[in-house]
Protein chains: 2
Amino acid sequence: MAEPISERSRKILEAIIEEHIATAQPIGSKALTRFQAINLSPASVRNVMAELEEQGYLHSPHTSAGRVPTEKAYRYYIDSLLRVDCLDRARRDQIEQHYHRRGLQMGELLREASRTLSSVAHYTGLVMVPRLQSTVFRRIEFVKLSSRQVLAVFITRSGMIQNRLIETAEEFTAGELEQITNYLNQTMSGLSIREARALILADMAQEKALYDRLLQRASRLSAEALSESADGEVIIEGTSHLLDQPEFTDLERMKRIFRAFEQKSLLLNLLDRGLQSKGVQVIIGGETEYPELAGCSLITANYSGRRGTLGALGVIGPSRMPYSTLIPIVDYTAGMISRMLDEENE
Amino acid sequence: MAEPISERSRKILEAIIEEHIATAQPIGSKALTRFQAINLSPASVRNVMAELEEQGYLHSPHTSAGRVPTEKAYRYYIDSLLRVDCLDRARRDQIEQHYHRRGLQMGELLREASRTLSSVAHYTGLVMVPRLQSTVFRRIEFVKLSSRQVLAVFITRSGMIQNRLIETAEEFTAGELEQITNYLNQTMSGLSIREARALILADMAQEKALYDRLLQRASRLSAEALSESADGEVIIEGTSHLLDQPEFTDLERMKRIFRAFEQKSLLLNLLDRGLQSKGVQVIIGGETEYPELAGCSLITANYSGRRGTLGALGVIGPSRMPYSTLIPIVDYTAGMISRMLDEENE
DNA sequence: CTTTGGCACTCCGCATAGTCGAGTGCCAAG
DNA sequence: CTTGGCACTCGACTATGCGGAGTGCCAAAG
């Protein structure tokens, strides 16, 4: 089943895939010899195609139609055959242009990134907002709102600002809050939120806290402030581009995709998964556990600030997508965002 | 053209509209007498229908099809014929259930509202996030981030929290910032952001500011902090419900709608427009200046906090929508949100 | 004067049938 | 191994015909 492929088969498979990406049609042997630089007769091509079909790289919708690449074929194409284009000047300018305005806040920057991706690529853009927990603590501030309400404002190194409203069991005076603020800012600087929280929890358990009432209350407040929140957001832009795909005639399938968009956790999982690795990744829908994404692919890349990976972004569309032009777009955008997040917070 | 309509015509028009809402099909005279309680012969109905068509309430897709209500008909139906159902117990429970969790921040609450609308109504939910400018100032806080960066955090009466990063021309010391904070919190409490800003600008022009250097800089800082931002956000949820509508077979039309969704400013304008009025409003797409919304309708209602209207929410879908069941849903949701925003900020 | 049944007509939707083209598998010859 | 040839398949498209639902109009009944 997974036999290696001869040089010739590979060429033909590549040609079929590229032709199908371009036309969205099943490809026949004759058409292939006509449009692609293959100096073989249709009959020979047929033989190869039959073989490729047996190996699971191709599939016929019905007897007398051409053949269509399977997901296995796309996987192979992406891993072994694909030569990625260079990002052409025009497109690069087009991307740069979107970021002329300086001093965007991170949230706006990411939204803009998603929009840019979608408009340059003509596919649907995805941007995952960094998870607060793994970003690096820069500063925290407490603001007393009422007797039992305290607003916590964190700022992370990468420039994210996040608020959280805390209902406290007992009242804190403004002075106490200031003390706590100072203490936290001194101890936590440079740690990730997750580490900071662990540290505080450790403190709480320690003996000294037992005797220092203020410290105890402070710890409780900050633990609350830094507690895991259900964050995890994905910014999706340009869904309407999907409607332009010829695949859209399959209404049922498109409905599934749109439902997947609404269930953002699904996309979040996929984007999360790539956070470990570096560079551009391609996820083919059918390879995931999500039936909603059958026939779809994602191209993703991570972006990072000064202190390591922050999140991921990319595009999504039918598996039949022009990987060679989209990959550099995603790649370039990720690099661009990384650079901008760096600059903004010297 | 705009002749008044006889009792009988009205009944028939109503029957046609309701039948068409239920079936999405053009309605013929015979079918009408069969399915609706009308004790007239098809021939008589035909006469009336011809008349209604002439008056612009009906339209035949072609000679031998039934008739379809025009936008004028929907308008008349909504304004004069519609009797709104009571919200049934089941649906009310369904809505309430979504808001069990207490202590949501406003942003989350509104997102949840949009989701609820969409899932209860089976249409696409819209919620406009309140415009910061018209909300009532409760508190402002400045946090110094670096020598030239100050973070401003506003809190409004209704519980919105908004951050803004300000690049300052010159450095402020922590003490100065505190002074400014105190000054602003004293003077601005109870004003809307817009009013507050106006007041500051007035201050700046006054003579005393010219001689008080700190005050002058403070004013500049706060003017910056309160400046008009491009806010105005619409939370859209449940777009996939549109795909279930039989109207969806008209692909072109659906593409237009999805594009409209991406251009949020368009929806924002429409929601804005209703902010003056009270109660539930229905906007019929063709009546607006937006060709994208041809064939669509919005049902909207305002929600408010303690201190007046904050924003609007509603559902959007094809004009052929079950107004009588959707209106109470939108109405109830708006009321619910208003109540929750009140409670949260004693 | 309104209502109603009748009638001729229109036109869409659907099903059936036929044709065309692209593609296939297989085989035998190069 | 490659290639040309050949018979076969099957979907896409077109043409044709039919039935149903609807229409307008008219004349008779209420």
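Numbers restart at 1 for each chain; the letters A, B, ... are given by sequence-line order, proteins then strands.
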| query | Going 5' to 3' along nucleotides 18-23 of chain C, which nucleotides have protein heavy atoms under 4.0 Å from the base (write B), which only from the sugar-phosphate (write S), and which from neither (write -)? | reply | ----BS
| task | Rounded off to whole Å, could you give me the CG-to-P distance for the A:N47 and D:dC1 pair? | result | 11 Å
| Residues, nucleotides or ligands: over 12 heavy atoms within 6.0 Å of B:R34 CZ | yes
| Under 3.5 Å, side chain of A:S319 to main-chain N/O of A:C296, donor-acceptor pair present? | yes
| Ignoring hydrogens and geometry, is there a side-chain-to-backbone donor-acceptor pair from A:E262 to B:S240 under 3.5 Å? | yes
| Spacing of B:E53 atom CD relative to D:dT23 atom P, expressed in whole Å | 9 Å
| field | Nearest-Å distance for atom pair CD/P, residues A:E51 and D:dT2 | value | 11 Å
| message | Can you measure A:M49 atom CE to C:dG25 atom P for me and round it to whole angstrom units? | response | 9 Å
| Lys/Arg N to Asp/Glu carboxylate O, B:K255 vs B:E252, below 4.0 Å | yes
| note | Here the distance between atom P of C:dG25 and atom CG of A:L52, to the nearest Å, is 12 Å
| Start at the 5' end of DNA chain C and walk down; is the nucleotide closest to A:S60 or to B:S44 reached first? | B:S44
| message | Without decimals, in angstroms, what is the distance between B:E19 CD and D:dA21 P? | response | 15 Å
| remark: Separation of C:dT2 atom P from B:R8 atom CZ, nearest Å, is 9 Å
| request: Applying salt bridge (Lys or Arg N to Asp or Glu O under 4.0 Å), name anything that partners A:R273, two or more places apart in sequence or on another chain. | output: A:E289
| field | Whole-Å distance separating the CD atom of B:Q25 from the P atom of D:dG20 | value | 17 Å
| note | Closest to the side chain of B:H62, out of C:dG25, C:dG5, C:dC12, is C:dC12
| said: Please check this pair: side chain of A:T70 against backbone of A:Y57, looking for a donor-acceptor N/O pair closer than 3.5 Å. | reply: yes
